[in-house]
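The block underneath contains the structure these notes are about, expressed in structure tokens.
Labels below follow one simple rule: chain letters A, B, ... track the order of the sequence lines, proteins then strands, and each chain is numbered from 1.
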2 protein chains.
Amino acid sequence: MVVTLKDIAKETGKSITTVSRALNDYDEVSSATKELVRNVASELGYTPNIFAQRLQKQYTDTIGLIFPTFGPRFSDPFFSELLAGIGNQAADLGYDLLVSTRAPGDEEIKAYRAMVQGRRVDGFVLVRTRRKDARVECLQEADYPFVAFGRAKGRYEFPYVDEDGLYGMRLLTRHLISLGHRRIACISPPPELMFAHYRLQGFKDGLTEAGIPTDDALLRVGNLTQRDGYEQAKILLDLPSPPTAIAACNDLMAFGAMSAAQDRDLVVGKDISITGFDNIPMAEYSHPSLTTLHQPLYQIGAMVCKMLIRLLQGEELDEKKILLKPELIVRQSSGLLKS
Amino acid sequence: MVVTLKDIAKETGKSITTVSRALNDYDEVSSATKELVRNVASELGYTPNIFAQRLQKQYTDTIGLIFPTFGPRFSDPFFSELLAGIGNQAADLGYDLLVSTRAPGDEEIKAYRAMVQGRRVDGFVLVRTRRKDARVECLQEADYPFVAFGRAKGRYEFPYVDEDGLYGMRLLTRHLISLGHRRIACISPPPELMFAHYRLQGFKDGLTEAGIPTDDALLRVGNLTQRDGYEQAKILLDLPSPPTAIAACNDLMAFGAMSAAQDRDLVVGKDISITGFDNIPMAEYSHPSLTTLHQPLYQIGAMVCKMLIRLLQGEELDEKKILLKPELIVRQSSGLLKS
DNA sequence: CTTGACTTCCAAAACGTTTTGGTATATGAT
DNA sequence: ATCATATACCAAAACGTTTTGGAAGTCAAG
């Protein structure tokens, strides 16, 4: 018992054309007719068949989002906040959000191709860009609109929002240095992730500008999980001359590093300083609370989404490339170097 | 230059009907023709227009999921793991996932109604059921298929997967009692959440069966966040006769409670025992590591999704109601009562 | 030779919209 | 009386599929 335009037409005695136009508020329908049609429509409980609309017009009012998930224990607070930002913004602007979750790799690209080929979505939001990002290439090749959270290397440019990881990490490194630390380790994300590059570089720049040589033994890589933070920190603490501060490149790894230090009865913030990046809500309530860089993930999600929808609606973007300065949040996990 | 059936028909010299049938592997097309059509189709790079298909057939091959998000700082590892489970399963079975994020309340129900009215999705996955769940009523009223993660009170039954929170919390309470604890507090979720009821009841049952009276001063409510765990634990620790153990009803609140205890220089696992529920990946790498109940969220997501798709395809479910027994994971945050 | 069954194919209708290309009537200017 | 313009409407086409209801041809049985 689905109500269609035809039913309204029959009921009002008007043609389907007129009904359609009345509902879409065209000029060439008298206001009396419009009123009539609208009343009957709401009386019958009419809702347009979205697939008929989409078949006719050639767009879908849907944006695509493919989350790169790593294995079954994918559990990153980072993503849920970002998703909320994107999702709420999309809903507010009347767009649907088609979400897929795939591990990076072939399956992921296949998922993109399927959405592109089938023209299932009008455009994409890309998250966590990679250095040489197959997804970017895939979408650019197909000339599909997208906005990314993160930058990438490549031939062509694309609109993005990104946090200025270089600036942020430099700020943070300076902070640690100002506390007296000289042996500072960094646990950075896998280098294929674009933001890993900036954050690591910022760290190195911070050292360099203070005249501290970088010690490769103090540079570790972790897969952004608490587990990896824990394990890499263990390795660092086992060094003959261990660091007095560890800058983890995200909060989750920082938590892991904190656990590793605490397992050895080090007091974090006194015996050793540990810092993160992202300022996920948990950072405020860990013990000790975490010194980190704030990244407004919810807002970033909303921004990226809004930019994409602007693009889809043919508007020009005021700014195609947005770089946000993360804010240093000093809490208890970083403290003066014990003399 | 989108390739349609018409193009293939023209190219092969067959009719559109035959082409459609060849591609759908109907019997009444000769194998020679099938072969020809299929070759031409892949040569031209044909992909069916999904909206035309959906208009014609009356289903969408899409399932809906509306995440209840609480404010901008929505950041729950619980959800990302669940999403991954649902998303990957849906993709594997050839279904799209339409995700919306809305705070519980009017907007949320409106989102459901919009999806239902517009027949945008074939069915729903419902997560985090509430005692009297407007979403359940909305969907049952519209006779829309759905499978829930969680139970709910109501007139009619529905298929669900749920963890046996009552059993789990009883197990955990017993564990704490066996360690010598008698003054045990519980930080439970807001009572409108259905699982809050079971977990709290399990806690009470555990006390009762050991002959320990429940002290209402030791029952606190928190909104599942680390922050709330922190604050409720502070209140508990300020009591004239504070608890020696705190059972938080999820891991996030347990982490918050741990921070609160540690802020007072209590050693968690020695001076006080603190436990969680969910066993999110972080639980293993907190300091101390968290005693908790394991809930296989990824698998639950996958199960719920699979059940729904079964339903949509008209199959009977072997089991309409699945109750999983959570497993007690004893780690360092719970220890013998200090005498 | 006729009949019926089977195989292989096709034209047209249907799904529910929006858009195209009109028509009919009224109004006012010439 | 004629023309131009504006207003209010509509039939039919289009979007790209699947399904309906045949039709033509072949073959074997009667």
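Ion pairing between B:Arg310 and B:Glu316 fails under the 4.0 Å rule for side-chain N and carboxylate O. Of the charged side-chain nitrogens involved, at least one lies within less than 4.0 Å of a carboxylate oxygen, so that A:Glu107 and A:Arg102 count as a salt-bridged pair. Between B:Lys110 and A:Asp92 there is no salt bridge, since none of the side-chain N atoms of the basic residue sits less than 4.0 Å from a carboxylate O of the acidic one.
Residue contacts shown for B:Ser20 include a base, since a base heavy atom lies under 4.0 Å away. In this structure, A:Asn24 reaches the sugar-phosphate backbone alone: every heavy-atom distance under 4.0 Å involves primed, P, OP1 or OP2 atoms, never a base.
A:Tyr144 meets the ring pair (Phe, Tyr, Trp, His ring centres under 6.0 Å) test with A:Phe124; sequence neighbours excluded. Residues forming a salt bridge (charged side-chain N to carboxylate O under 4.0 Å, His left out) with B:Lys306 (at least two apart in sequence, or on another chain): none. Under the salt bridge (charged side-chain N to carboxylate O under 4.0 Å, His left out) criterion, B:Glu137 pairs with B:Lys132, sequence neighbours left out.
Regarding contacts with the backbone of C:dC9, every side-chain N or O of B:Tyr26 stays at 4.0 angstrom or more from both OP1 and OP2.
Under a cutoff of 6.0 Å and an axis angle of 45°, B:Arg128 and B:Phe78 form a cation-pi pair.
Formation of a donor-acceptor pair under 3.5 Å by the B:Thr62 side chain with backbone atoms of B:Val121 is not found in this model.
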What pairs of nitrogen or oxygen atoms, one from the protein and one from nucleotides 9-12 of chain D, lie under 3.5 Å apart?
from   : atom 1 : to      : atom 2 : distance (Å)
D:dC9  : OP1    : A:Lys14 : NZ     : 3.1
D:dC9  : OP1    : A:Thr33 : OG1    : 2.9
D:dC9  : OP2    : A:Ser30 : N      : 3.2
D:dC9  : OP2    : A:Ser30 : OG     : 3.1
D:dC9  : OP2    : A:Thr33 : OG1    : 2.8
D:dC9  : N4     : A:Glu28 : OE1    : 3.4
D:dC10 : OP2    : A:Ser15 : N      : 2.7
D:dC10 : OP2    : A:Ser15 : OG     : 3.1
D:dC10 : OP2    : A:Thr18 : OG1    : 2.8
D:dC10 : N4     : A:Arg21 : NH1    : 2.9
D:dA11 : N7     : A:Thr17 : OG1    : 3.3
D:dA11 : N6     : A:Thr17 : OG1    : 2.7
D:dA12 : N6     : A:Thr17 : OG1    : 3.4

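Residues from residues 42-54 of chain B lying near DNA chain C, meaning a heavy-atom separation below 4.0 Å, are absent.
Residue B:Lys57 contributes atom NZ, which lies 17 Å from atom P of D:dG16 at whole-angstrom precision.
Base pairing in DNA chain C gives the following stems of 3 or more Watson-Crick or G-U pairs, range against range and under 3.5 Å: C:1-30 with D:1-30.
Comparing C:dT17, C:dC15, D:dC15 against the side chain of B:Leu55 picks out C:dC15 as the nearest.
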